[in-house]
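Here is the structure we will look at.
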Protein chains: 2
Amino acid sequence: MSRATLRDVAKLAGVSVATASKALNGQPQVRAETRERVVRAAEQLSFSPNTLAQGLITQRSGTVGLLTSDLEGRFSIPILMGAEDAFGSDQTSVFLCDARGDTIREKHHLRALLSRRVDGLIVVGARPDTRTSLGDLPVPVVYAYAPSDDPADLSLITDNTGGGRTAVDHLIRCGRRRIAHITGDPSYSAAQDRARGAVDRLTEEGLTLAGGEVWFGMWSEAWGRGATRMLLDRCPDVDAIFAGSDEIARGVLDVLHEERIDVPSRVAVIGFDNWSVLAVNSRPPLTTIDLNLEHLGRIAAQRLSAAMEGTPTSGVETFPVRLITRESTAPLR
Amino acid sequence: MSRATLRDVAKLAGVSVATASKALNGQPQVRAETRERVVRAAEQLSFSPNTLAQGLITQRSGTVGLLTSDLEGRFSIPILMGAEDAFGSDQTSVFLCDARGDTIREKHHLRALLSRRVDGLIVVGARPDTRTSLGDLPVPVVYAYAPSDDPADLSLITDNTGGGRTAVDHLIRCGRRRIAHITGDPSYSAAQDRARGAVDRLTEEGLTLAGGEVWFGMWSEAWGRGATRMLLDRCPDVDAIFAGSDEIARGVLDVLHEERIDVPSRVAVIGFDNWSVLAVNSRPPLTTIDLNLEHLGRIAAQRLSAAMEGTPTSGVETFPVRLITRESTAPLR
DNA sequence: GACGTACGTGAAAACCTTTTCGGCCCGCTG
DNA sequence: CAGCGGGCCGAAAAGGTTTTCACGTACGTC
């Protein structure tokens, strides 16, 4: 395969480049018969227009940058996928850049992306805490997952507080009253927010946390196991555990299983993240909260498109999470 | 921030665009003093060259496409990361496209990428079986993880056979003699290859598989659990289990734990993939085989660069895997 | 003082496409 | 028959950069 240009096509069709261009782009001022000839010539040479040249003149590159710090992580990928399919793949392609949490690498990538004249930028954080704004750029930017600290930017985030509330609400509806919350690193706003949502819902019901307080620790199975042992020790009549992540939930389930405490009949367990390799394969399969990240990605793409068309928005938009019920929770009795 | 062009810079510096270009690109035929003036002007306007225009004339877009079918999966990401850092991020940016296993979507993406004049293409499969070649393209292509069926293409794959051999070799060195192999879907060449490597190594040692044959099934924890129960039933004196994936290994560990069979003192367990969320957090942490995919990605980028520079290669290159020892294996006694 | 050389600079072409505008031809109207 | 309008096409400019080549100046050499 070689590389035909529009001029080659025009020559083969016996017309000028201008006409060839119009023919291929569906412009009306070209006779049907001529158009047909051009189209055939283009096919014959397997012509595909040089997007660089197009971008040069339309001032639109048809590309966007996705700047992440969480490539190995599991948050940016679903967002990326959502974004990818919200932009028609023929219209817009996405440049993926992973800054690996390094600010200077991020600057570097940013520079490269601007140099490539991306039409917009999606910035995905590694954790849901606010991050510093990229400042004023010549292209629109959407922050996803981790919000920008500048209210003039547009940030799209998941509703962690609502997630905590939803989780506890589900447990209450299952008839549970002695609900504990084991979660991860307290320096994560996600941990704080989920806990707050959980406690709020309990309070509404006139309940307090089993175990007396939130069990903060680490985002790991090991912590889930350790905390569960301590919890059972201190509060053996607990009838539900809300884990701050699916990893933690796996640890919780593991210990309950070891102690021959049946899930869900005696203790219900709910996780967070819907990380399917963990949630689907656990014993029993884990009820959990899905962050709906593909949706977030799709919306990010839409907002970015809107901004590119000239109608930017700003502020923080919060998106609801979704309860995924599996078998680790069930009504009492 | 606005968008300065080279002309603006030139005007501000009081030189022609030609001179400005040469000054910024380190061409020798510019007086030092002039260069300095241009550079300052460029900084002042925060000029960044339009890569589209550069690409148009140099016939190099400085981009490559990464075409995958496994974005949600865990194979393409490490490869992508390896590739990303092998290309200097300032030299080359990567377009990420996920075909989601759909051939027509793949064609679509391919068309778009060629239209964007990518300088090269990396194709990553979702599973390690051979895939049909994309055929003759105007840019070099490297197939990674899943090899192309056309020997004229260059394919980079992991050594699954060697991995199976390495796993069993390690178990043998731990003094194990009654080694079973529980693995996934037999339609995957990965499953077949790993099994073959395992059996070969056993044969060299004059051993046969505990349980009589390879236990093919599914790539899931549940199958790992089920198979282990059957295995213990039929062959209670097994002293090592080689699991075809870390997921399966988790299932294996789970049942052994349930049956109060100590790992590694009575039965050693080794997994495959080094999927860290599974392997690191298991009880005990899992010895496993790492596919070294970042390395594969880096090599893919290097081979692609070489091909872009005019020295293409072809055939299938196989890359060694790596044993990661944790605590689920140990010498007997 | 004439000439050659080296160096620094600028004009212009090239990359490929889109779009505007002018021109041509045809048929129609008055 | 003159004039006019509409339909179709091509010439040319534009977009931002790199590169080639020619030009001008200053200097050194004979």
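So you know, we letter chains A, B, ... as the sequences are listed, proteins then strands, and number each from 1.
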Which protein N or O atoms sit under 3.5 Å from an N or O of nucleotides 13-17 of chain D?
from    : atom 1 : to       : atom 2 : distance (Å)
dT17(D) : OP1    : Asn50(B) : N      : 3.1
dT17(D) : OP2    : Leu6(B)  : N      : 2.3

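- No donor-acceptor distance shorter than 3.5 angstrom exists from the side chain of Arg131(B) to the backbone of Ala126(B), with no hydrogens or angles considered.
- Chain A approaches DNA chain C over the interval dC16(C) to dT20(C), counting the first and last nucleotide 5' to 3' with an atom under 4.0 Å from its heavy atoms.
- Residues Pro138(B) and Arg3(A) approach most closely at CB-NE, 4.0 Å, considering heavy atoms.
- For dG10(D), one of the phosphate oxygens OP1 or OP2 lies less than 4.0 angstrom from a side-chain nitrogen or oxygen of Ser16(A).
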Name every donor-acceptor pair, under 3.5 Å, that has one atom in a side chain of residues 24-34 of chain B and the other anywhere in the protein, sequence neighbours excluded.
from     : atom 1 : to       : atom 2 : distance (Å)
Asn25(B) : ND2    : Ser21(B) : O      : 3.2
Asn25(B) : ND2    : Ser21(B) : OG     : 3.4
Glu33(B) : OE1    : Arg37(B) : NH1    : 3.4

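- The closest donor-acceptor contact from the side chain of Arg35(A) to the backbone of Ala23(A) lies under 3.5 Å.
- Between the OG1 atom of Thr130(A) and the CG atom of Asp153(A) there is a distance of 11.5 Å, given to the nearest 0.5 Å.
- In terms of the side-chain hydrogen bond (donor to acceptor under 3.5 Å, both in side chains) criterion, Ser69(B) has no residue partners (sequence neighbours excluded).
- For Phe75(A), the ring-ring contact (aromatic ring centres under 6.0 Å, His included) partners at least two apart in sequence or on another chain are Tyr145(A).
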What side-chain donor-acceptor pairs closer than 3.5 Å can you find for residues 304-315 of chain B, not counting sequence neighbours?
from      : atom 1 : to        : atom 2 : distance (Å)
Ser305(B) : OG     : Ala301(B) : O      : 3.0
Thr311(B) : OG1    : Ala306(B) : O      : 3.3

Please tabulate, for side-chain N and O atoms in residues 290-297 of chain B, each donor-acceptor pair with protein atoms closer than 3.5 Å (sequence neighbours left out).
from      : atom 1 : to        : atom 2 : distance (Å)
Asp290(B) : OD1    : Asn292(B) : N      : 2.5
Asp290(B) : OD2    : Asn274(B) : ND2    : 2.7

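- Rounded to 10 degrees, the angle separating the terminal axes of the helix from dG1(C)-dC30(D) to dG30(C)-dC1(D) is 70°, with each axis obtained from five end pairs.
- Every ring-ring contact (aromatic ring centres under 6.0 Å, His included) that Tyr188(B) has, sequence neighbours left out, goes to Trp219(B).
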For a quick test of your reading: what N or O donor-acceptor pairs under 3.5 Å do the side chains of residues 94-101 of chain A make, sequence neighbours left out?
from      : atom 1 : to        : atom 2 : distance (Å)
Asp98(A)  : OD1    : Arg100(A) : N      : 3.0
Arg100(A) : NH1    : Asp98(A)  : O      : 3.4
Arg100(A) : NH1    : Glu84(B)  : OE1    : 3.3
Arg100(A) : NH2    : Met81(B)  : O      : 3.4
Arg100(A) : NH2    : Asp85(B)  : OD2    : 3.2

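- Listed by residue number, there are no residues of residues 28-38 of chain B with a heavy-atom contact under 4.0 Å to DNA chain D.
- Remark: Ser115(B) pairs with Thr51(A) by the side-chain hydrogen bond (donor to acceptor under 3.5 Å, both in side chains) rule, at least two apart or across chains.
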